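Each remark here refers to the structure printed beneath this line.
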Amino acid sequence: MEWWQEARFGMFIHWGGIYTVPAGFYNGEAQTNSAEWIMNKGKIPVAEYEKFADEFNPH
């Protein structure tokens, strides 16, 4: 960590996330302007949202 802090640079790789699995749709309905907020905007219960994790593949 000392080297990392002294080097003063880094990289953040964002693989999307679970929210990419439903691709803006929940129960057949488009969740407009949702992206990372699809669980909130689509009122997706936690138990249902967690199931998307099994399908997430960052390839």
Side-chain angles (χ1 to χ4, degrees):
M1 285 302 297
E2 184 178 329
W3 175 87
W4 191 264
Q5 291 173 343
E6 287 177 12
R8 303 187 76 156
F9 66 89
M11 181 187 318
F12 174 75
I13 300 173
H14 189 278
W15 292 103
I18 294 174
Y19 64 86
T20 62
V21 174
F25 288 85
Y26 178 62
N27 281 342
E29 294 184 26
Q31 304 299 314
T32 57
N33 298 321
S34 60
E36 292 98 335
W37 287 89
I38 192 165
M39 182 179 167
N40 178 275
K41 291 191 174 202
K43 297 180 177 37
I44 304 173
V46 173
E48 285 191 48
Y49 191 76
E50 286 176 338
K51 292 176 187 176
F52 292 139
D54 293 335
E55 299 177 47
F56 178 65
N57 184 347
H59 287 283

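Here the structure is a predicted model, which means the values were calculated and not measured. Index from 1, following the sequence. Because only heavy atoms are used, hydrogens play no part in the values below, and waters and symmetry mates are left out as well, while side chains stay in.
- Open room surrounds CD on Glu29; 12 or fewer heavy atoms of other groups in view lie less than 6.0 Å from it.
- Phe52 meets the ring pair (Phe, Tyr, Trp, His ring centres under 6.0 Å) test with Tyr49; sequence neighbours excluded.
- Between Met39 and Val46, some side-chain heavy-atom pair lies under the 4.5 Å cut-off.
- Between Ser34 and Gly24, the shortest heavy-atom contact is OG-CA, 4.1 Å.
- The minimum heavy-atom distance linking Ile18 with Ala53 is given by the pair CD1-CB, 3.7 Å.
- Contact between Tyr19 and Ala35 at its shortest, heavy atoms only, is CB-O, 3.4 Å.
- Residue pairs meeting the side chain to side chain donor-acceptor pair (under 3.5 Å) criterion with at least one member in residues 37-47: none, sequence neighbours excluded.
- The structure places CD1 of Ile38 at 11.5 Å from CG of Asn33, a figure rounded to the nearest 0.5 Å.
- Phe25 and Phe56 end up in different hydrophobic clusters when Ile, Leu, Val, Met, Phe, Trp and Tyr side chains are linked at under 4.5 Å.
- More than 12 heavy-atom neighbours from other residues, nucleotides or ligands sit within 6.0 angstrom of CG on Asn57.
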